[in-house]
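Step one of this worksheet: look at the structure below.
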Protein chains: 2
Amino acid sequence: MSISPYSYSGSKPKASIRLAANSCPFNTACEGCSSRHISLCNVLDSNDLKSFSKLSTDFQKAAKQIICAEDEKAEHIYNIRSGAVRLSKMLSDGRRQITGFLFAGDFFGLSCKDKYSFTAEAITEVKICRFNRTKIIESFQDYPRLGERVFDMTRTELNSTHDQMLLLGRKTAKEKLCSFLIIMKEKSGRINVRDENEVDIPMSRSDIADYLGLTVETVSRQFTNLHKLGLIELDGAHRVFLKNSKALLALAEGE
Amino acid sequence: MSISPYSYSGSKPKASIRLAANSCPFNTACEGCSSRHISLCNVLDSNDLKSFSKLSTDFQKAAKQIICAEDEKAEHIYNIRSGAVRLSKMLSDGRRQITGFLFAGDFFGLSCKDKYSFTAEAITEVKICRFNRTKIIESFQDYPRLGERVFDMTRTELNSTHDQMLLLGRKTAKEKLCSFLIIMKEKSGRINVRDENEVDIPMSRSDIADYLGLTVETVSRQFTNLHKLGLIELDGAHRVFLKNSKALLALAEGE
DNA sequence: AATCAAATTTGACCACTGTCAAGTATCTAT
DNA sequence: ATAGATACTTGACAGTGGTCAAATTTGATT
């Protein structure tokens with residue numbers, strides 16, 4: 001089995017915590033950041049980046065750790081440098097909806113008011129940089145292009161939540177899973193360019209279920225179903241090969 | 001039956017079209033706009049408003065008219081002055097998801113890229129002012145408070161789509177309808193302060209169904225159900241009296 | 001006021017997906 | 001390597017909400 005860009009299978013919490021204390025070697029300078037080209041800060045030139053980097057703090061979380069929790073005071077916004085994160089909301093009886101899977105280059109926490117409106121958890125080991133919300137919003141004055149970039153990303157995000165509403169409200173289980181696979185294909189293409197049809201699925205079946213508004217069992221059955229239809233090949237639970245992504249896309253759109 | 005703030009029952013298309021040609025008496029000045037206090041332009045002072053108003057065009061649409069269509073070139077952003085609008089997305093086979101109901105003070109069209117990602121239709125007769133997208137985005141330079149306001153409203157909107165995802169993915173039909181009634185109560189309170197428990201429902205059962213990811217029949221059954229439970233009183237299909245909004249809220253949250 | 005069309009409600013039935021349970025595979029720890 | 005825990009898959013059955021159809025109400029048109 002080829003090496004995954006996520007380390008969901010081999011992550012060791014203890015080692016991760018040690019690294020987190022150590023922090024990133026480029027703590028005070030974002031210049032060496034490996035995710036800069038896809039992050040919000042990619043609009044800053046070398047000079048601006050130097051002063052801007054003082055606003056950021058770098059840290060790391062092991063898989064399954066909470067990054068921030070729903071209803072907690074929203075003091076920071078977070079930018080993912082590597083790894084995978086899930087954002088979720090819960091009903092009082094434990095029913096959960098995952099509102100998004102986030103990867104390198106994605107940020108979260110800006111849309112909240114005084115409290116976080118979701119819980120953010122590490123799916124794999126993640127590297128994150130964090131900014132004070134107030135300060136970064138103020139900094140949009142000094143770095144107008146950054147403000148524009150953040151606004152732009154927020155608009156894009158709003159657009160894709162509308163697609164997700166169409167999925168949740170109107171698609172069948174099969175269409176939902178096909179949509180999910182297409183989404184994951186697109187996201188993984190942004191991060192790692194190997195065979196574009198070889199898609200990593202860092203999250204559990206239960207995460208997928210809570211993202212698609214289904215149960216684990218239904219998700220599992222639909223994986224089996226798509227395999228029987230000859231549309232996908234499974235290599236363990238966390239790696240999928242899309243044998244016919246055109247057909248998957250058509251199914252995803254209900255055609 | 002008391003008079004509704006929407007004119008969904010008595011609207012006459014012909015008359016509306018005539019009015020639309022006539023446009024608003026305050027066409028070149030937003031000063032007299034009755035929805036200014038709740039609209040995005042409420043951050044502008046009297047001077048700025050005068051020059052800003054030159055960017056806007058006023059018009060009116062009768063109920064059931066399309067304001068802008070999915071996949072159409074996105075040239076404008078729209079601000080609702082009065083009436084109710086629905087935004088929706090469709091699958092190729094006609095399945096529809098309504099992503100939002102909009103009222104006086106709401107705007108739409110900003111989150112789109114080159115094409116509109118939704119169709120906007122008038123539910124009731126609506127008064128709307130329209131801005132050129134490019135020009136208004138440029139104008140954020142001159143009116144920074146306007147840019148902040150729009151950004152802020154976009155963030156709020158993103159937050160509420162997350163709530164809607166939780167609703168669509170994880171709530172039961174009963175919980176969905178209770179949530180809808182609570183949402184409508186809050187929105188109508190913003191526009192018209194009468195008895196806060198007397199809620200106008202300008203949209204059809206079919207619109208509600210497509211908003212909640214249900215069928216018309218299920219929506220109708222749940223209305224009947226809530227009535228039997230003594231939680232609501234119906235005065236026709238478009239006016240609801242919430243007899244116990246606390247209980248409705250609890251049901252909406254799955255408690 | 002009368003007629004027709006559209007919207008809403010209600011009923012009967014059923015399918016998709018959920019629930020509960022058991023079996024299998026995978027990962028982690030020793 | 002072995003054992004235990006966790007994650008995933010599969011099966012049997014059931015229920016919520018969907019489908020189809022008919023009745024009723026509401027609203028528009030003449």
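Numbered from 1 within each chain, the chains take letters A, B, ... in sequence-line order. It should be emphasised that the depicted structure is a prediction, and the values quoted were computed from it without experimental measurement.
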Under 3.5 Å donor-acceptor, A:R96 side chain and A:D210 backbone: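 No, because the side chain of A:R96 does not come within donor-acceptor range (under 3.5 Å) of the backbone of A:D210.
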Check: A:F59 main-chain N/O paired with A:K127 side-chain donor or acceptor under 3.5 Å: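 Not at all, since once roles are kept as given, no pair shorter than 3.5 Å links the two residues.
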Please tell me which of A:R221 and A:R170 maps to the more 5' nucleotide of DNA chain D, matching each residue to the nucleotide holding its nearest heavy atom.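 Closer to the 5' end of DNA chain D: A:R221.
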[N] phosphate, OP1 or OP2: any side-chain N/O from [X] under 4.0 angstrom?
X	N	answer
B:T224	C:dT10	yes
A:H238	D:dC8	yes
A:S220	D:dC8	no
B:T218	D:dT16	no

Separation of [N] [atom2] from [X] [atom1] (nearest whole Å):
X	N	atom1	atom2	value
A:K228	D:dT9	NZ	P	12 Å
A:I208	D:dA7	CD1	P	13 Å
A:Q222	C:dG18	CD	P	10 Å
A:L212	C:dG18	CG	C1'	15 Å
B:L177	C:dT9	CG	P	10 Å
A:K64	C:dC27	NZ	P	12 Å
B:E217	D:dT16	CD	C1'	14 Å
B:R205	C:dT9	CZ	C1'	9 Å

Check the orientation of B:H162 and A:F118. Use parallel for under 30°, tilted for 30 to 60°, and perpendicular for over 60°.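 Judged by the thresholds at 30° and 60°, the geometry between B:H162 and A:F118 is perpendicular.
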Do the rings of B:Y116 and B:Y78 sit parallel, tilted or perpendicular, given the 30° and 60° boundaries?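 Answer is tilted, since the angle falls between 30° and 60°.
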Hydrogens and angles aside, do B:N159 and A:S117 bring a side-chain donor and acceptor to less than 3.5 Å of each other?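 Yes - a donor-acceptor pair under 3.5 Å links their side chains.
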Assign each of A:T172 and A:A237 to its nearest nucleotide of DNA chain C by heavy atoms, then name whichever residue's nucleotide is nearer the 5' end.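 Per heavy-atom nearest nucleotide, the more 5' residue is A:T172.
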Using a 4.0 Å heavy-atom cut-off, does A:S204 contact any base of the nucleic acid, only the sugar-phosphate backbone, or nothing at all?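 Here A:S204 touches the backbone only, sparing every base.
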